[in-house]
Number of protein chains: 2
Amino acid sequence: MTEERKISMNVIRRLPRYYRYLGELLQKGVTKISSRELSEKMNVTASQIRQDLNNFGGFGQQGYGYNVEYLHTEIGKILGLHQNYKMIIVGVGNLGQAIANSTSFSKRGFKLIGLFDVNPRLIGMSIHGVEVQDIDKMEQFVKENEVEIAILTMPKTRVKETAESLAKWGIKGLWNFSPVDLFVPDTVQVENVHLSHSLMTLAYKINEAEVEREKKDKSESIGQIEE
Amino acid sequence: MTEERKISMNVIRRLPRYYRYLGELLQKGVTKISSRELSEKMNVTASQIRQDLNNFGGFGQQGYGYNVEYLHTEIGKILGLHQNYKMIIVGVGNLGQAIANSTSFSKRGFKLIGLFDVNPRLIGMSIHGVEVQDIDKMEQFVKENEVEIAILTMPKTRVKETAESLAKWGIKGLWNFSPVDLFVPDTVQVENVHLSHSLMTLAYKINEAEVEREKKDKSESIGQIEE
DNA sequence: TAGATTGTTAATCGATTAACAATC
DNA sequence: TAGATTGTTAATCGATTAACAATC
């Protein structure tokens, strides 16, 4: 009956950026913005902004533009930021600690309620009032507290089995920082942060730019113009 | 004269994943693999693998497949992993320390040679033999050592000006962890890691899956089948 | 009302998949 | 040689951009 319209991940991954820019405008006291103005700030096309937004309904007003606060709120709702998420961190090494210490996530409704590790030297330590527990306690904790998101910042050797256990215990999302691809039941959503991939991509860009520059220099010195 | 073929970022961003899988195969002692076998392991189409690789030339052999070691090396070269990169970290907070402590990058030729911060309590501290210096020393250091990559793990308030300075001092790439978009000259390549975007995307996926499940339950309970 | 800007359709462009001839 | 699998062209699919009628 209702139109089935699967929204592409390309669109979804642009939403947080819109959300961020709108939040900044809001803080500056800007109340309205047109797709053209926003497109210039964000270095995208106005058409894309309008297309993206209209996947979710009409948030603007012809002849006027978009109300910044309203649009910001609505995008937040689409992303699911109107609700809270209970999170745990599995693996309290440097990266786990870094995330635990960040306050910006909790502001957006992502609440850190548990920390787990195997290392006895870390167990008992507290970060922002959350104590590191032995990983043996994780099953009970996840079930009792209905934890939604697990942040995987542990050595990659144990990630696969941990992810499988967490899936069994009812976790909804895994934020995976290990260089591993997780194949879990579709009751569990996975979002990967592959830092090494990102760094390799930067290396590519650097080399590519170098090659382009050399090519340009060469054609200029020869006096050729290639399109 | 030579064919101009700009390779899309979609393709590039898949290369590190191929590289990782090939590395794992190599470690397992696998010497050859076909695009079909690899596609099954990686959950992509064989066609895509062959198309991706053939952007850079033919690495395989008809009737045989691909030599794992050779393909691994070649993808490494495409990504620019055959050379070393001198890196510094700007902002030695939790995240900066986490990256500094990670040994996996240096194995791939990304060498951390400098750490900078404004915090006097951090200055003088050492991580893996690299001492944290006052940020005042950064200009001289970058120029003298011909630093290629700066890792920006500092508060977002100072990122913009820092990026501009680094660009002026000849940096080639910025690995930006701040929730900020950097607009720098095209002599500098930027790769962003927006952790908050990633987490919001996970929130979306979780909600989306929830909605899908409810929809399915409903149509099943009513006995309707919708395609 | 006239001007502005959305929402939306149509056109273009690019990316992915399918198919198959080339060839090892 | 026969079988397998690549490299590559063609077909399909999806995403982006352009255009413009609807409308505030």
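In what follows, chains carry the letters A, B, and so on, assigned in the order in which the sequence lines appear, proteins first and then strands, with residues in each chain numbered from 1.
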Whole-Å gap separating C1' (C:dA15) and CZ (B:Arg13): 16 Å
Gap between atoms NZ and P, on B:Lys6 and C:dA15 respectively (whole Å): 11 Å
Write down the partner of D:dT6 under the Watson-Crick or G-U wobble criteria, each distance required to be under 3.5 Å. C:dA21
Give a yes/no answer on whether the side chain of A:Tyr66 brings an N or O atom under 4.0 Å of OP1 or OP2 in C:dG7. yes
Value in whole Å for how far the C1' atom of C:dT5 lies from CG of A:Leu71: 14 Å
Examine C:dA15: is either OP1 or OP2 under 4.0 Å from a nitrogen or oxygen in the side chain of B:Ser8? Give yes or no. yes
Looking at B:Asn10, does any N or O in its side chain come under 4.0 Å of the phosphate oxygens OP1/OP2 on C:dA15? no
Rounded to the nearest angstrom, tell me the gap between atom CD in A:Gln48 and atom C1' in C:dA11. 17 Å
Rounded to whole Å, please give me the gap between CZ in B:Arg36 and P in D:dG7. 16 Å
Given that both distances must come in under 3.5 Å, which nucleotide forms a Watson-Crick or G-U wobble pair with D:dG14? C:dC13
Nearest-angstrom distance from the residue atom CD of A:Gln51 to C1' of C:dT8: 7 Å
OP1 or OP2 of D:dT9 versus the side-chain N and O atoms of B:Arg50: is any pair under 4.0 Å? no
Which residue lies toward the 5' end of DNA chain D, B:Gln61 or A:Met9, if each is placed at its nearest nucleotide? B:Gln61
Is the centre of the B:Tyr85 ring less than 6.0 Å from the centre of the B:Trp175 ring? no
Comparing A:Val11 and A:Tyr64 on DNA chain D - which has the more 5′ nearest nucleotide: A:Val11
side-chain N/O A:Thr45 vs D:dT16 OP1/OP2, d < 4.0 Å: no
State whether A:Ser47 places a side-chain N or O below 4.0 Å from either non-bridging phosphate oxygen (OP1 or OP2) of D:dA18. no
Counting heavy atoms not belonging to A:Glu40, are there more than 12 under 6.0 Å from its CD? yes
Determine, step by step, whether A:Lys6 and B:Glu208 satisfy the salt bridge (Lys or Arg N to Asp or Glu O under 4.0 Å) criterion, reporting the C-alpha distance in whole Å, the side-chain angles of both residues, the deciding distance to 0.1 Å, and the verdict. CA-CA 10 Å; A:Lys6 180 81 186 123; B:Glu208 170 68 10; 3.7 Å; yes
Integer-rounded Å distance: D:dT5 P and B:Leu38 CG: 13 Å
Pairing donors with acceptors under 3.5 angstrom, does anything connect the side chains of A:Ser102 and A:Ser104? yes
Can you tell me how far apart CZ (B:Arg108) and OG1 (B:Thr103) are? Round to the nearest 0.5 Å. 11.0 Å
Rounded interatomic separation in angstrom, taking CD from A:Gln62 and P from C:dT6: 9 Å
